[in-house]
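Scope of the values below: all heavy atoms of this structure, side chains included, with no hydrogens, waters or symmetry mates.
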Amino acid sequence: MKYIVSNIVLTKADGSIYTVPKNESYFIVDEAEVATQLVNLPNIPAANYTKISFGIGVDQEQFNKGATGQGDFLATAQDAGMIWSWSAGYKFVVLEGTFSTSNITDEQYWVHTGQTSLDYNYTTVTIDLPDNALVRTTITPEIHIFADVSKLIDGTNKINFSEGAVVMGGAKLGLVTANVSNMFTVDHVHND
């Protein structure tokens, strides 16, 4: 599974927000590559942060800047297999594998979210932190966010691959996109 994390916003204890600059706020997380699972955010102002929000995918405003407006991220996405083509756009989430049922053995499935002719499928996730993330000149906190991949297809909306194992459009894609916001949780915060 791979997905694009973007547009990170941190909420302070006083309710004000800090928006990570766009050019520092696009990452590809590959669940098979541990190094990509650690997202470093530079230059976060000192404060007590209580909440984090982020997008899954590339927001339409950024996409509309065209290929030259994407900076280095376009090449990064191409190298990671997270783009169909420039005109078709980015893949926001890629989940691929095999499934078995009582009648089917090791059938291939593909779930790709992104822009379709009908929907953009960009999703924003907002999570309250269980403890404040204390950013100081001497403290760089770590927020441990877990992605429960099973909730992508077995969350609020259940996706039955035996009824069609390719989800890249149609009604199922909207159901998968709706599941994205519930697959992330904060396990804990380190303030040391």
Side-chain angles (χ1 to χ4, degrees), residues 1-9 26-39 51-64 73-74 76-130 143-188:
M1 177 170 185
K2 298 179 188 178
Y3 48 93
I4 296 173
V5 174
S6 63
N7 299 310
I8 300 168
V9 176
Y26 280 86
F27 304 91
I28 295 174
V29 176
D30 182 342
E31 291 294 339
E33 299 289 333
V34 174
T36 68
Q37 297 171 21
L38 181 62
V39 173
K51 187 181 300 189
I52 185 168
S53 297
F54 51 90
I56 297 297
V58 174
D59 60 285
Q60 199 160 17
E61 178 185 340
Q62 181 67 22
F63 179 77
N64 288 342
F73 187 72
L74 179 59
T76 300
Q78 287 171 325
D79 292 345
M82 295 299 288
I83 195 164
W84 284 296
S85 68
W86 178 247
S87 60
Y90 292 98
K91 298 174 188 176
F92 299 165
V93 174
V94 171
L95 176 64
E96 298 175 353
T98 60
F99 73 99
S100 298
T101 68
S102 58
N103 305 354
I104 300 169
T105 302
D106 292 331
E107 182 78 19
Q108 185 73 34
Y109 69 84
W110 295 272
V111 177
H112 295 181
T113 72
Q115 179 177 338
T116 68
S117 60
L118 302 174
D119 297 299
Y120 200 73
N121 294 301
Y122 177 84
T123 303
T124 300
V125 177
T126 301
I127 310 170
D128 291 329
L129 303 181
I143 302 171
H144 289 246
I145 299 175
F146 288 176
D148 184 345
V149 175
S150 69
K151 288 188 177 179
L152 190 64
I153 56 173
D154 192 29
T156 303
N157 301 302
K158 310 295 184 199
I159 308 302
N160 185 345
F161 288 139
S162 61
E163 297 171 349
V166 177
V167 180
M168 295 185 201
K172 284 185 184 178
L173 182 57
L175 299 174
V176 168
T177 298
N179 283 346
V180 168
S181 61
N182 295 317
M183 69 182 249
F184 295 96
T185 57
V186 174
D187 186 67
H188 61 278

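Contact of the Thr36 side chain with the Ile28 side chain is not registered, since no non-hydrogen atoms from C-beta on lie closer than 4.5 Å. In this structure, Thr185 and Asp148 have side chains that are not in contact, with every pair of non-hydrogen atoms separated by 4.5 Å or more. Side-chain atoms of Ile153 and Asn179, non-hydrogen and from C-beta on, never get closer than 4.5 Å to each other. Residues Gln115 and Tyr90 form no side-chain contact, since every pair of their non-hydrogen atoms from C-beta on lies 4.5 Å or further apart. In this structure, Phe54 and Phe27 have side chains that are not in contact, with every pair of non-hydrogen atoms separated by 4.5 Å or more. Between Lys151 and Phe184 there is no side-chain heavy-atom pair separated by less than 4.5 Å. Residues Val180 and Phe92 have side chains not in contact (no heavy-atom distance under 4.5 Å, counting atoms from C-beta outward). In this structure, Val149 and Leu95 have side chains that are in contact, with non-hydrogen atoms separated by less than 4.5 Å.
Remark: the backbone N or O of Gly155 is paired with a side-chain donor or acceptor of Lys158 at under 3.5 angstrom. Remark: the backbone N or O of Gly81 is not paired with any side-chain donor or acceptor of Lys2 at under 3.5 angstrom. A donor-acceptor pair under 3.5 Å is absent between the side-chain atoms of Asp154 and the main chain of Ser150, judged by distance alone.
Among residues two or more places apart in sequence or in another chain, the side chain to side chain donor-acceptor pair (under 3.5 Å) test is passed with Tyr122 by Ser6, Asn7. Under the side chain to side chain donor-acceptor pair (under 3.5 Å) criterion, Gln37 pairs with no residue, sequence neighbours left out. Applying the side chain to side chain donor-acceptor pair (under 3.5 Å) test to Ser162 and every residue at least two apart in sequence or in another chain returns Asn160. Evaluation of the side chain to side chain contact (heavy atoms under 4.5 Å, CB included) rule for Ala178 yields Asn157 as partners, not counting sequence neighbours. A search for salt bridge (Lys or Arg N to Asp or Glu O under 4.0 Å) contacts involving Asp59 returns Lys22, not counting sequence neighbours.
Closest heavy-atom contact between Tyr120 and Gln60: CE2-N, 3.4 Å. Nearest heavy-atom pair across Ile83 and Gln78 is CG2-CG, 3.3 Å. Considering all non-hydrogen atoms of both residues, Asp187 and Pro130 come closest at O-CG, 4.3 Å. Contact between Ser53 and Thr126 at its shortest, heavy atoms only, is OG-OG1, 2.9 Å.
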Taking only distance into account, with no hydrogens and no angle test, what donor-acceptor pairs under 3.5 Å do side-chain atoms of residues 103-114 form with protein atoms, sequence neighbours excluded?
unit_1: Gln108; atom_1: NE2; unit_2: Gly97; atom_2: O; d: 3.2
unit_1: His112; atom_1: NE2; unit_2: Glu96; atom_2: OE2; d: 2.6
unit_1: Thr113; atom_1: OG1; unit_2: Val93; atom_2: N; d: 3.1

Evaluate side-chain contact (heavy atoms from CB on, under 4.5 Å) for Thr76 paired with Tyr26, printing each intermediate quantity in order. CA-CA 10 Å; Thr76 300; Tyr26 280 86; over 6 Å; no
Just do the side-chain contact (heavy atoms from CB on, under 4.5 Å) check on Leu173 and Asp119 with the steps written out, would you? CA-CA 9 Å; Leu173 182 57; Asp119 297 299; over 6 Å; no
Before giving the answer on side-chain contact (heavy atoms from CB on, under 4.5 Å), spell out for Ile56 and Val5 the whole-Å C-alpha distance, their side-chain angles and the decisive distance to 0.1 Å. CA-CA 5 Å; Ile56 297 297; Val5 174; 4.2 Å; yes
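Using cut-offs of 30° and 60° on the angle between ring planes, the pair Phe161 and Phe99 is tilted.
For the atom pair NE2 of His144 and CG of Leu38, the computed distance is 8.5 Å after rounding to the nearest 0.5 Å. Considering OH of Tyr3 and CG of Leu152, their distance stands at 10.5 Å, rounded to 0.5 Å.
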